[in-house]
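Inspection log for the structure reproduced underneath, given as structure tokens.
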Amino acid sequence: MDQYVIKGGNPLVGDVEIGGAKNAALAIITAAIMTDETVLLENIPDVSDINALLGAISFIGATVNRMDRHTVSINGSTISGSSVDYDLIKKIRASYYLLGALIGKYKKAEVPLPGGCTIGSRPIDLHLKGLQAMGVNIKIEHGDIIAEAEDLHGAHIYLDMASVGATINIMMAATMARGKTTIENAAREPHVVDAANFLNSMGASIKGAGTEVIRIRGVQKLHRTSYSIVPDMIEAGTYMMAAAATGGDIFVTNVIPKHLEAMTAKLTEIGCLVQEYDDMIRVKADKRLKRTQIKTLPYPGFPTDMQPQMAVVLSKAFGTSMITENIFDSRFKYVDELARMGASIKVKGNTAIISGCERLTGARVAVPDLRAGAALVIAALAAEGVSVVEDIVYIQRGYEDFELKLKKLGADIEKVDSSRVIGNRIIQIAE
Ligand code: UD1
């Protein structure tokens, strides 16, 4: 098992290029199987969640060709079944998108119910309710969702919560349903817009993505397209926080600054210099930062996926900060690990109270989930001394070349096999 060994204390300086958004790519790769013509996707991030999904669609018969590291062609005409194997997709929650895509195209699907998740319970009742309103019969048997529609038709659907997954899943099915669908209280995240733009480029008729009401007119067939995935706002935000926590000065390139506004606003408020350019953003922190209050909310609010990284920044800031987590019920699991590095954080219900301390100190910590993993790496970069970050497989699910990009910014970080680490030291092996 790989681990990161990090010697903290270097302010990050330089520039870092952001890749395609994992969460947009998961939806778009799945939607690509809805046409029998070939789809070319560019700016696909090379991360394990994406590679697992490509494996899953190729298992059901889609022809997947990796043209280069970030370009994939997909042809869904060779799909032989609408039943997906549990082992292939148990690790990626976004496997639920196969439900919407297969129902839309073949009017039937058999997809394993996504498993548990370390950031809290993540029901998919809204996905299922939406599909049922469109005429889909759904049974849960032996851990699988078995879905079939004799007449897949449009419907008026109100989402009780602005769920990203439910919005995209319903949008995919509605794209190939008879008649019109309206989704009210739709999620407005950039990856919802990207998925809609992609479907439209295949011939779908989707209007209003990015607002609370999305209207879809069903079409009978989708066609070939080529499409480039939107830049990853969470990857970008993570490097912004890393600069803030280490007292650095970095340029984050290949971004859409508008998508980063929630992070930009908070970093500016606590004392960072943030400068926006056309497709680039600079974050500079040259003094001790100040306290603030954060509430996670659906886009354009502060993203839950940035909450752990922001907590690290605030753990070194002056004064007492509060973070209220409104999206997931168990997203403070990393707090005990951060405490091992000297952070002072108390969790009460869905609120973390962070008393800023002047210094963090390196420690051995274990990663509980993807974004918390990135946060622990940031903490290690901002801490005095050496840290060992274990269970980095979670980080590899969503960050391409994390350690290489950080190294380029001046971080002292090594990826090593755990058998080579004793305590906080790497055992040197003679070549
Ligand atoms: C997506 C992102 C994830 C991000 C989250 C919130 C992907 C692959 N993942 O997850 O990184 O943290 O959005 O921005 O894009 N809910 C229900 N019933 C449902 C669906 C959702 O109650 O059927 C609730 C969830 O428990 C949660 C809230 O709605 O409290 C938002 O979840 P949702 O937006 O659906 O998250 P995901 O799409 O799973």
Side-chain angles (χ1 to χ4, degrees), residues 1-4 17-34 38-76 78-81 83-102 111-112 114-115 117-119 164-165 168 172 191 194-195 198 226-236 238 254 305 367 369-374 377 391-406 415 417:
M1 286 277 267
D2 286 337
Q3 305 178 331
Y4 287 141
E17 190 178 342
I18 299 308
K22 169 186 79 88
N23 287 347
L26 288 168
I28 288 171
I29 287 169
T30 319
I33 65 173
M34 295 177 72
T38 299
V39 169
L40 188 74
L41 297 178
E42 293 170 337
N43 208 26
I44 294 278
D46 183 12
V47 295
S48 63
D49 265 14
I50 295 293
N51 297 332
L53 181 64
L54 290 171
I57 62 165
S58 102
F59 177 83
I60 57 171
T63 307
V64 177
N65 275 319
R66 194 150 215 151
M67 325 289 282
D68 62 39
R69 191 172 183 203
H70 298 125
T71 311
V72 176
S73 80
I74 295 170
N75 185 299
T78 44
I79 290 177
S80 46
S83 163
V84 186
D85 189 65
Y86 177 66
D87 278 340
L88 276 169
I89 56 171
K90 66 182 171 200
K91 292 193 203 106
I92 26 169
R93 278 196 52 83
S95 56
Y96 50 51
Y97 288 140
L98 285 163
L99 190 61
L102 292 170
V111 177
C117 178
T118 49
I119 60 174
V164 172
I168 295 179
M172 288 200 284
H191 34 293
D194 212 35
F198 169 71
S226 59
Y227 194 84
S228 181
I229 309 291
V230 73
D232 195 320
M233 59 181 264
I234 304 299
E235 187 192 16
T238 299
N254 188 31
D305 284 357
V367 169
D369 64 74
L370 167 60
R371 304 304 171 185
V377 169
D391 300 334
I392 63 169
V393 288
Y394 289 106
I395 299 174
Q396 291 160 343
R397 289 178 47 189
Y399 291 91
E400 180 179 307
D401 292 343
F402 198 36
E403 70 282 3
L404 298 180
K405 290 185 181 184
L406 288 169
K415 184 164 78 177
D417 190 294

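Side-chain atoms are counted along with the backbone in the values below, which use heavy atoms only and exclude waters and symmetry mates. Keep in mind that this is a model prediction, so the values were computed, not measured. Counting begins at 1 with the first residue of the sequence.
- Between Phe402 and Tyr4, the angle of the ring planes lies from 30° to 60°, which puts this pair in the tilted group.
- For the pair Val164/Ile168, a side-chain contact is recorded, criterion being any heavy-atom separation below 4.5 Å from C-beta on.
- Here the side chains of Val72 and Ile29 are not in contact, with every heavy-atom distance at 4.5 Å or above.
- For the pair Ile234/Asn23, no side-chain contact is recorded, criterion being any heavy-atom separation below 4.5 Å from C-beta on.
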Task: Worked verdict on Asp305 versus Lys22 for salt bridge (Lys or Arg N to Asp or Glu O under 4.0 Å) - done: CA-CA 12 Å; Asp305 284 357; Lys22 169 186 79 88; over 6 Å; no

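- Annotation: the span from Thr30 atom OG1 to Tyr96 atom OH amounts to 10.0 Å, rounded to 0.5 Å.
- Note that CD of Gln396 and CG of Asn51 are 11.0 Å apart. Values are rounded to the nearest 0.5 Å.
- Contact annotation: the side chain of Leu41 never approaches that of Thr71 to less than 4.5 Å [non-hydrogen atoms, C-beta and beyond].
- The closest side-chain heavy-atom distance from Val39 to Tyr227 is not below 4.5 Å.
- Taken to the nearest 0.5 Å, the CD1 atom of Ile229 stands 4.0 Å off from the CD1 atom of Ile28.
- Although no hydrogens or angles enter the test, the distance criterion places no donor-acceptor pair under 3.5 Å between the side chain of Asp194 and the main chain of Ala24.
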Open item on the list: If you apply the rule side-chain contact (heavy atoms from CB on, under 4.5 Å), what do you find for Ile74 with Leu54, and how did you get there?
Closed with: CA-CA 9 Å; Ile74 295 170; Leu54 290 171; 4.2 Å; yes

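- One distance of note links CG of Asp391 with CG of Asp2; it measures 11.0 Å at 0.5 Å rounding.
- Here the side chain of Asn65 pairs no donor or acceptor atom with the backbone of Met67 at under 3.5 angstrom.
- Looking only at side-chain heavy atoms (C-beta outward), Ile44 and Arg66 come within less than 4.5 Å of each other.
- Here CG of Leu40 is found 12.0 Å from CG of Asn75. Values are rounded to the nearest 0.5 Å.
- With values rounded to the nearest 0.5 angstrom, Asp49 atom CG is found 10.0 Å from Ser95 atom OG.
- Residue His70 comes nearest to Glu400 through the heavy atom pair NE2-OE2, 2.8 Å, listed as atom of the first residue, atom of the second, then distance.
- Put simply, the side chain of Val393 does not reach to within 4.5 Å of the side chain of Val367, judged on heavy atoms.
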Task: Check against side-chain contact (heavy atoms from CB on, under 4.5 Å), Asp401 and Asp46 - done: CA-CA 9 Å; Asp401 292 343; Asp46 183 12; over 6 Å; no

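- Ser73 and Thr38 share no side-chain donor-acceptor pair at under 3.5 Å.
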